[in-house]
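Down below is the structure, laid out as structure tokens.
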Amino acid sequence: MITNISIASVFVKDIDESKRFYTEILGFEAKDDITMGDYRWCTVVHPSQPELSVNLAIPGPPLSPELVEAMKRAQDDGGLNGLGMNVDDCQKTFEELSAKGVVFLQEPSERPYGVEALCRDNSGNWIVLVEPKEFTAADFA
């Protein structure tokens, strides 16, 4: 029986630069960094959720060359999803990350489910930051 989610992958352009971004800018901790032949397995974890590893992966085999090229184009266009993260204070997190050079597509905005901001990681992936609040389906009507 499945007990939890242990790994989420984010496709990045440069593993070393992304590892720095996720650890130095977002506050994650380095976990695994292993090279197996031509493949590099590099993960980071958030200190408050160490059971969930984020695999920083460059698009490549076993994906087809056509898919790899399409993914690289999507990265360049900023069209790949990244992670959704909860925050205690969306406005404060927005200000702290903006001061560190993080590019935001959307400043903190009220939503039925909380305060949300949208930024990009250093590979162009979307990151959604949410300061959650209680809601019901009626809040969306």
Side-chain angles (χ1 to χ4, degrees), residues 1-137 139-141:
M1 174 165 268
I2 296 171
T3 59
N4 65 8
I5 296 172
S6 61
I7 300 168
S9 293
V10 175
F11 286 104
V12 300
K13 294 180 179 184
D14 180 291
I15 291 174
D16 290 321
E17 289 298 317
S18 292
K19 184 178 177 182
R20 275 191 282 285
F21 179 86
Y22 279 83
T23 58
E24 295 175 13
I25 304 294
L26 297 183
F28 283 64
E29 296 175 348
K31 187 176 178 195
D32 302 312
D33 198 340
I34 302 163
T35 301
M36 299 171 279
D38 292 338
Y39 183 75
R40 183 171 171 193
W41 176 259
C42 182
T43 61
V44 296
V45 296
H46 193 274
S48 68
Q49 196 175 14
E51 70 279 5
L52 177 60
S53 295
V54 177
N55 172 37
L56 305 173
I58 294 176
L63 303 174
S64 71
E66 296 80 15
L67 183 54
V68 169
E69 286 308 310
M71 292 177 74
K72 288 181 178 181
R73 283 192 308 275
Q75 283 178 315
D76 290 341
D77 291 343
L80 289 183
N81 292 329
L83 301 172
M85 298 182 217
N86 286 348
V87 299
D88 292 330
D89 184 326
C90 197
Q91 182 65 41
K92 183 177 178 184
T93 303
F94 164 76
E95 291 167 7
E96 290 171 351
L97 293 179
S98 293
K100 292 180 178 181
V102 174
V103 176
F104 277 81
L105 304 173
Q106 171 192 295
E107 294 187 9
S109 302
E110 286 286 336
R111 302 283 187 250
Y113 47 84
V115 180
E116 174 189 83
L118 180 64
C119 63
R120 293 194 192 278
D121 72 7
N122 65 320
S123 291
N125 298 305
W126 291 28
I127 296 177
V128 179
L129 305 174
V130 176
E131 178 184 335
K133 69 177 184 181
E134 295 290 324
F135 66 91
T136 67
D139 295 324
F140 291 86

Below 4.5 Å, heavy atoms only, C-beta onward: do V130 and R111 meet side chain to side chain?
no
Would you say the side chain of F11 lies within less than 4.5 Å of the side chain of I58, judging by non-hydrogen atoms?
no
Is it true that a side-chain atom of D121 and a backbone atom of S123 form a donor plus acceptor pair closer than 3.5 Å?
yes
Determine whether a donor-acceptor pair (N or O, by modelled atom type, separation under 3.5 Å) exists between the side chain of W126 and the backbone of G78.
yes
Are the side chains of L105 and C119 in touch, meaning some heavy atoms are under 4.5 Å apart?
no
Identified side chain to side chain contact (heavy atoms under 4.5 Å, CB included) partner of K31 from the options S53, P50, C42
S53
Taking atom CD of E110 and atom NZ of K133, what is their separation to the nearest 0.5 Å?
5.0 Å
Contact check, side chains of P59 and Q75, non-hydrogen atoms, under 4.5 Å
yes
Just do the side-chain contact (heavy atoms from CB on, under 4.5 Å) check on M71 and E66 with the steps written out, would you?
CA-CA 9 Å; M71 292 177 74; E66 296 80 15; over 6 Å; no
Hey, does R120 have a side-chain heavy atom less than 4.5 Å from the side chain of I127?
no
If only atom types and distance count, is the side chain of S109 paired as donor or acceptor with the main-chain N or O of E107 below 3.5 Å?
yes
Given the rule in the side-chain contact (heavy atoms from CB on, under 4.5 Å) test, do D76 and K13 qualify, once you have shown the distances and angles that lead to the verdict?
CA-CA 9 Å; D76 290 341; K13 294 180 179 184; 2.8 Å; yes
Side chain D139, main chain Y113, donor-acceptor under 3.5 Å
no
Between atom CG of D16 and atom OG of S18, what is the distance when rounded to the nearest 0.5 Å?
9.0 Å
Might you work through the side-chain contact (heavy atoms from CB on, under 4.5 Å) test for I5 and L52, ending with a clear yes or no?
CA-CA 7 Å; I5 296 172; L52 177 60; 3.9 Å; yes
For the backbone of E116 and the side chain of Q106, can you confirm whether one donor and one acceptor N or O come within less than 3.5 Å of each other?
yes
Measuring from K72:NZ to L80:CG, what's the distance to the nearest 0.5 Å?
12.5 Å
Crowded around E51 CD? As in, over 12 foreign heavy atoms under 6.0 Å?
yes
With a 4.0 Å cut-off on N to O distance, would you call D14 and K19 a salt bridge?
no
So side chain to side chain donor-acceptor pair (under 3.5 Å) across residues 94-104, not counting sequence neighbours, yields Q91-E95
Beyond-backbone contact of V102 with I25, side-chain heavy atoms, under 4.5 angstrom:
yes
NZ/NE/NH1/NH2 to OD/OE distance under 4.0 Å, R40 and D32
no
Would you tell me whether N55 and T43 have side-chain atoms, one donor and one acceptor, within less than 3.5 Å of each other?
no
Taking all non-hydrogen atoms of both residues, which atom of H46 and which atom of G27 are closest, and how far apart?
CD2-O, 4.5 Å
Within 6.0 Å of CG in D88, more than 12 heavy atoms from elsewhere
no
Minimum heavy-atom distance C90-P108, with the two atoms named
O-CG, 3.9 Å
Decide yes or no for F104 and L97: does some side-chain heavy atom of the first lie under 4.5 Å from some side-chain heavy atom of the second?
yes
side-chain contact (heavy atoms from CB on, under 4.5 Å) against V54, all qualifying residues, sequence neighbours excluded
V10, F28, V44, L56, L83
